[in-house]
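Heads up: numbering here begins at 1 and tracks the sequence. Atoms considered below: every heavy atom in the structure, side chains included; atoms not considered: hydrogens, waters and symmetry mates. As the structure is a prediction and not an experimental result, all values here were calculated from the model.
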Amino acid sequence: MVSNRKHVGKTRVLVVDDHPIVRQGLVQMIDHEDDLEVCGQAEDAYTALQAIDKLKPDVAIVDISLKGTSGIELMKNVKAQYPAVKMLALSMHDETLYAERALKAGAGGYIMKHESPEKVIKAIRRVLAGEIYVSENMTARMVHKLVDGSESGATGIDSLTDRELEVFRLIGLGHGTRQIAEELFLSVKTIESYRAHIKEKLALDNATELIQHAIQWVNSSKLS
């Protein structure tokens with residue numbers, strides 16, 4: 001789902017989100033700005049990479065929770081293959097869960113979907129300027145973490161790798177092992193290994209506890 005619109009002097013934006021209504025809202029908001037234009041849209045990681053290769057956007061707005069490959073994995077791929085493309089992570093999930101992961105994956109900022117259009121535009125401009133954009137609360141949290149040196153002592157959900165967190169999220173959405181393997185293009189054996197690592201890190205005794213914990217986490221991490 002791409003378009004090849006190009007106007008002199010306008011910054012080209014690619015919108016990556018698996019919800020058509022969200023994409024439409026972002027397109028209308030961005031195209032309202034005199035210096036910005038949406039050059040294309042994508043609903044998954046595969047289409048997004050194709051669009052980036054064809055349209056050469058200046059910045060990509062990427063939803064964290066995409067179908068199949070997650071937004072985090074997509075951003076890692078974009079950073080490796082198209083380092084000139086700046087990225088802003090957009091999510092319905094609390095930034096304390098994903099903001100640092102998104103920044104490490106290559107994003108220049110992280111903003112919640114419930115924020116005002118003015119803040120989203122501000123975030124886009126900040127990222128385009130080569131600056132980091134997160135909320136004031138998240139900035140303070142990251143500074144405290146840096147000062148305390150708590151990175152190495154991560155526990156609970158924070159101790160999960162990006163891939164383990166994605167598997168955990170899909171478990172919480174009710175997806176079985178085989179379904180998760182198909183969605184992430186991995187083997188069933190690999191997913192079973194991830195499940196075992198997650199149980200160990202979260203001190204869960206069995207599959208039932210894992211599923212219950214994952215469902216509870218998914219429900220609590222969504223915006224009310």
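- No more than 12 heavy atoms of other residues, nucleotides or ligands shown are found within 6.0 angstrom of NZ on K122.
- Between the side chain of D63 and the main chain of L66, no donor-acceptor pair closer than 3.5 Å is present.
- To the nearest 0.5 Å, atom CG of residue L14 and atom CE of residue M87 are 11.5 Å apart.
- Salt-bridge formation is detected for the pair E33/R125: a Lys NZ or Arg NE/NH1/NH2 atom is positioned less than 4.0 Å from an Asp or Glu carboxylate oxygen.
- With hydrogens and angles disregarded, no donor-acceptor distance shorter than 3.5 Å links the side chain of D35 to the backbone of T11.
- At a threshold of 4.5 Å between non-hydrogen side-chain atoms, the residues V13 and L26 do not count as touching.
- Expressed to the nearest 0.5 Å, how far OG1 of T177 lies from CG of L186 amounts to 12.0 Å.
- At least one side-chain heavy atom of K119 sits under 4.5 Å from a side-chain heavy atom of Y133.
- Summarising the geometry of K79 relative to A105, their closest heavy-atom pair is CD-O, 3.6 Å, with the distance given to 0.1 Å.
- Proximity of L202 to E164: side-chain heavy atoms (C-beta onward) are nowhere separated by under 4.5 Å.
- Side-chain contact between L36 and L128 is present, with heavy atoms from C-beta onward closer than 4.5 Å.
- The pair K104-D162 does not count as a salt bridge, with every side-chain nitrogen at least 4.0 angstrom from each carboxylate oxygen.
- In terms of heavy atoms, R195 sits closest to A207 at NH2-CB, 3.9 Å.
- Atom NZ of residue K113 and atom CD1 of residue I64 lie 10.0 Å apart, to the nearest 0.5 angstrom.
- You'll find the side chain of I61 reaches within 4.5 Å of the side chain of I30, heavy atoms only.
- Panel note: side chain D58, backbone R12; a donor-acceptor pair is recorded below 3.5 Å.
- Annotation: the span from M75 atom CE to S70 atom OG amounts to 7.5 Å, rounded to 0.5 Å.
- Between L103 and V134 the shortest side-chain heavy-atom distance falls below 4.5 Å.
- Side chain of K10 to main chain of E37: no donor-acceptor pair is present (N/O by atom type, distance under 3.5 Å, no hydrogens or angles).
- Residue V188 is not grouped with residue L210 when hydrophobic side chains (ILVMFWY) are merged at heavy-atom distances under 4.5 angstrom, including chains of intermediate members.
- Across all their heavy atoms, R101 and I157 have their closest contact at NH2-O, 3.3 Å.
- Nearest heavy-atom pair, P57 versus A51, reported as atom, atom and distance to 0.1 Å: CD-O, 4.4 Å.
- Two residues are said to be in side-chain contact when any heavy atoms from C-beta on lie closer than 4.5 Å; V78 and V62 fail this criterion.
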(message) Could you go through Y194 and I180, starting from their C-alpha distance and side-chain angles, then the distance that decides it, and tell me whether this counts as side chain to side chain contact (heavy atoms under 4.5 Å, CB included)?
(response) CA-CA 11 Å; Y194 280 131; I180 295 173; over 6 Å; no
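- Remark: D53 engages Y82 in a side chain to side chain donor-acceptor pair (under 3.5 Å) (not counting sequence neighbours).
- Connection of Y46 to L74 is not established within any shared hydrophobic cluster, with ILVMFWY side chains joined at heavy-atom distances below 4.5 Å, either directly or through further cluster members.
- Qualifying side chain to side chain donor-acceptor pair (under 3.5 Å) partners for T69, counting only residues two or more places apart in sequence or in other chains: none.
- Placement of L173 and V167 within a single hydrophobic cluster is found when ILVMFWY residues are connected by side-chain heavy-atom separations under 4.5 Å, directly or transitively.
- If you take OG on S187 and CD on E182, they are separated by 12.0 Å, rounding to the nearest 0.5 Å.
- Between E166 and R163, none of the side-chain N atoms (NZ, or NE/NH1/NH2) sits under 4.0 Å from a carboxylate O, so this pair counts as no salt bridge.
- Not one N or O on the side chain of R126 forms a donor-acceptor pair closer than 3.5 Å with the backbone of E131.
- Across every non-hydrogen atom of Y110 and A99, the tightest pair is CD1-CA, 3.6 Å.
- Atom CG of D17 and atom CD of Q24 lie 12.5 Å apart (nearest 0.5 Å).
- Between W217 and I171, every side-chain heavy-atom pair lies at or beyond the 4.5 Å cut-off.
- Qualifying salt bridge (charged side-chain N to carboxylate O under 4.0 Å, His left out) partners for E183, counting only residues two or more places apart in sequence or in other chains: none.
- Within a 6.0 Å radius of CG in N206, other residues, nucleotides and ligands contribute more than 12 heavy atoms.
- Using a 4.0 Å cut-off between charged side-chain N and carboxylate O, E73 and K76 make a salt bridge.
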